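All heavy atoms count here, side chains included; hydrogens, waters and symmetry mates do not. All chains are named by letter (A, B, ...) in the order of the sequence lines, taking the proteins before the strands, and each is independently numbered beginning at 1. As the structure is a prediction and not an experimental result, all values here were calculated from the model.
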Protein chains: 2
Amino acid sequence: MIPRTLNDYISVDCVIFGYNDNELQVLLVERTLTNESTKEIEFTDLTLTGNHIYEDETIEDAAYRVLFDRTGLDNVYLEQFKAFAHPDRLKKDKDRKWLIHDGRDPDKRIISIGFFSLISTRDIIVESKCGIAKWIPLSEIGELAFDHNQIVDEALKALRNKIKHEPIGFELLPEKFTLTELQNVYEVVLGTELDKRNFRKKIGRMKYLIPLDEKQKGVAHKPARLYMFSRDVYEKTKKEMFDFTV
Amino acid sequence: MIPRTLNDYISVDCVIFGYNDNELQVLLVERTLTNESTKEIEFTDLTLTGNHIYEDETIEDAAYRVLFDRTGLDNVYLEQFKAFAHPDRLKKDKDRKWLIHDGRDPDKRIISIGFFSLISTRDIIVESKCGIAKWIPLSEIGELAFDHNQIVDEALKALRNKIKHEPIGFELLPEKFTLTELQNVYEVVLGTELDKRNFRKKIGRMKYLIPLDEKQKGVAHKPARLYMFSRDVYEKTKKEMFDFTV
DNA sequence: ACAAAAGTGTTGCATTTACACCCATGT
DNA sequence: ACATGGGTGTAAATGCAACACTTTTGT
């Protein structure tokens, strides 16, 4: 295999969203800078999962690669949402030190293409070869590396926008899920409360949400029916809409 | 003034949409490659308006700059919609020749950030210092330079998507417009027919479309009332919606 | 007077909203 | 038997889809 060369000015960053403990969470990676001589830790903080692209690789492939290396998952929802290229995006003090420590040129302008991904948190192994990854609830994200706070904000905006008009909420759940779980996903992502009966009526009209002959198990109450999403049916029945909001 | 240096691997391309002759059009620029020695024209084709960014410039500023240099317009609708970075995007034969002729490295990987812009075609001066720009109806676009056909396609998708949920159709019209003009814009962009009475009923509910005490002039029929869009009222009255399509 | 586009209302149907109680299961 | 969440229906208000004729102006 020919060794591939990394491009040093185009990178991708993935905002990996998961739904857990009734919250929307983001998968972040620890970044620790250790002083070479004293061996003391200078700082520890968190970054998005990201990497530079290979010269012969598309940005989509690079994003899938990052996602796979980090989570072991394939075939998950991934979408490009915005480019980040501010001239000062890597210019904070910590970030310059980090880049220098990493043998990189802190003055080289690096553009990063932001992707967001939705995964079912049940699937994921957080332990991986490349550093410790953690699920952090959106509400508890502190100051991240580089411009990653901004990237997360924009990803959330993109997610909210998209989930309102396309059926992607399912991607945050296991293949089989209950309607209450689905409703919770929408409530958490959109930050609104929804009426149970009305939500279910709406769902009822969507032919691509397939009720299964299967129920929840091991719950201390009436077990809920399980559903799954059929992309096939969705593609065949979707209509174009025309709103332009109030 | 300090001479600014151009970054040689990040560029922006603007898909400038205009509405004219009842069609959606794109502003394109002629590209002609002349053989240095024989002075013969090797080929002529069309490109989007675009340019590399300056090292101290944001991509948004670069896009506004391109737009201004080309149209003389300021304060127009402009939106980043996608990054284009395929490794082969500049590798067609014509494109390599062009880059070489232009003194650039045809093997350098260049990423381009796509923006789309909506302008009222009445405003624009197509003549400008940097080459001849032309309005080309979407339906008549042939093979463009680089990956610009793909960029146009994606821009159109982004526009259609956005115009369905946000009030941006007005941007393609003069400040004061009639309801029939507005309906035509929506019909042309979305490629559907709309019912006049239902369209006007819907409009009636949108408080941000302000009817003026002014009418069309110089038309050979009953003159229509003019309207204008109030972004103020829009921002104050907009509601968030929750659909997730059939 | 004619041509050309502006402007306007009704009806039947689908969707939204608001709202409260019984049911099935595990402990 | 009790706690927990699952599951269901109705009425009123609003929005949508389909449809045709009169009005105003310039020529």
Side-chain angles (χ1 to χ4, degrees), chain A residues 19-22 164-165 167 173-174 176-188 190 192-228 237-246, chain B residues 19 21-22 164-165 167 173-174 176-188 190-228 237-246:
Chain A
Y19 167 74
N20 233 337
D21 307 325
N22 227 19
K164 273 187 269 174
H165 309 296
L173 293 172
K176 299 171 182 179
F177 50 85
T178 69
L179 294 184
T180 302
E181 286 169 335
L182 185 61
Q183 184 180 335
N184 279 337
V185 165
Y186 279 88
E187 289 179 335
V188 165
L190 295 174
T192 52
E193 300 237 311
L194 299 170
D195 179 84
K196 183 158 64 155
R197 280 178 289 190
N198 294 335
F199 182 81
R200 289 157 111 97
K201 241 179 294 170
K202 189 156 195 164
I203 290 294
R205 260 176 264 121
M206 300 173 180
K207 299 297 162 34
Y208 53 79
L209 255 189
I210 319 277
L212 303 174
D213 287 329
E214 209 176 328
K215 309 212 154 176
Q216 260 183 329
K217 273 173 195 147
V219 286
H221 53 76
K222 179 173 175 179
R225 159 169 249 142
L226 296 176
Y227 286 74
M228 60 179 284
T237 59
K238 78 173 159 183
K239 292 192 203 117
E240 285 305 317
M241 284 204 314
F242 173 50
D243 317 307
F244 67 113
T245 332
V246 163
Chain B
Y19 167 75
D21 307 325
N22 225 21
K164 273 186 270 176
H165 309 294
L173 293 171
K176 297 172 184 181
F177 50 85
T178 69
L179 293 184
T180 303
E181 286 169 336
L182 184 61
Q183 183 179 336
N184 280 336
V185 164
Y186 279 87
E187 290 179 333
V188 165
L190 296 174
T192 53
E193 299 237 308
L194 300 171
D195 179 85
K196 183 159 66 155
R197 278 177 290 186
N198 292 337
F199 182 81
R200 288 156 111 99
K201 241 179 291 170
K202 189 156 197 165
I203 290 294
R205 261 176 264 121
M206 300 174 181
K207 299 295 162 37
Y208 52 78
L209 256 189
I210 318 279
L212 303 175
D213 287 327
E214 208 175 327
K215 310 212 156 178
Q216 261 182 326
K217 275 178 191 144
V219 285
H221 54 76
K222 179 172 175 178
R225 160 168 248 144
L226 296 176
Y227 286 74
M228 60 181 284
T237 60
K238 79 173 159 186
K239 289 191 205 122
E240 285 306 317
M241 284 203 315
F242 173 50
D243 315 309
F244 67 115
T245 334
V246 164

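- Atom CZ of B:Phe199 is separated from atom C1' of C:dA6 by 14 Å (rounded to the nearest Å).
- Applying the 3.5 Å distance criterion, the base of D:dG7 shares a donor-acceptor pair with the side chain of A:Lys196.
- Distance check, rounded to the nearest 0.5 Å: CG of A:Leu194 to CZ of A:Arg200 gives 12.5 Å.
- Rounded to the nearest 0.5 angstrom, B:Lys215 NZ and B:Thr178 OG1 are separated by 12.5 Å.
- The base of C:dT10 sits with one of its N or O atoms less than 3.5 Å from a complementary donor or acceptor on the side chain of B:Lys201.
- Two residues, A:Asp195 and A:Val219, neighbour DNA chain C, and the one matched to the more 5' nucleotide by heavy-atom proximity is A:Asp195.
- Map B:Tyr227 and A:Pro223 each onto its nearest nucleotide of DNA chain C; the residue landing nearer the 5' end is B:Tyr227.
- An OP1 or OP2 oxygen of D:dG5 is reached within less than 4.0 angstrom by no side-chain nitrogen or oxygen of A:Thr180.
- Set against D:dG26, D:dT25, D:dG5, the side chain of B:Ala220 has D:dG26 as its closest nucleotide.
- When the C1' atom of D:dA17 is taken as reference, atom CZ of B:Arg197 falls 11 Å away, rounded to whole Å.
- The distance between atom NZ of A:Lys222 and atom P of C:dA24, rounded to the nearest whole Å, is 5 Å.
- Between B:Phe244 and A:Phe199, the angle of the ring planes lies from 30° to 60°, which puts this pair in the tilted group.
- Spacing between atom CD1 of A:Ile203 and atom C1' of D:dG7 amounts to 15 Å, rounded to whole angstrom units.
- When distances run from any side-chain atom of B:Asn198 to the nucleotides C:dC23, C:dT16, D:dA18, the shortest one goes to D:dA18.
- In this structure, B:Arg200 reaches the bases: a heavy-atom distance under 4.0 Å links it to at least one base atom across the strands shown.
- For the pair A:Glu193 CD and C:dT17 P, the interatomic distance rounds to 15 Å; values are reported in whole Å.
- Closest to the side chain of A:Ala224, out of C:dT25, D:dG7, D:dT25, is D:dG7.
- Around the NZ atom of A:Lys202, the shell of radius 6.0 Å holds more than 12 heavy atoms that belong to other residues, nucleotides or ligands.
- Using a 4.0 Å heavy-atom criterion, one finds that B:Thr178 contacts no nucleic acid atom at all.
- Between A:Asn184 atom CG and D:dT4 atom P the separation is 17 Å, expressed in whole Å.
- Between A:Lys202 and C:dT16 there is a side-chain N or O to OP1 or OP2 distance below 4.0 Å.
- Relative to the side chain of A:Arg205, the nucleotides D:dC19, C:dT15, C:dA24 differ in distance, and C:dT15 lies closest.
- Computed from coordinates, the B:Arg225 CZ to D:dT24 P distance equals 14 Å when rounded to whole Å.
- The distance from atom OH of A:Tyr227 to atom CG of A:Leu182, rounded to the nearest 0.5 Å, is 10.5 Å.
- Following rounding to the nearest Å, B:Leu226 (CG) and C:dA6 (C1') show an atom-to-atom distance of 12 Å.
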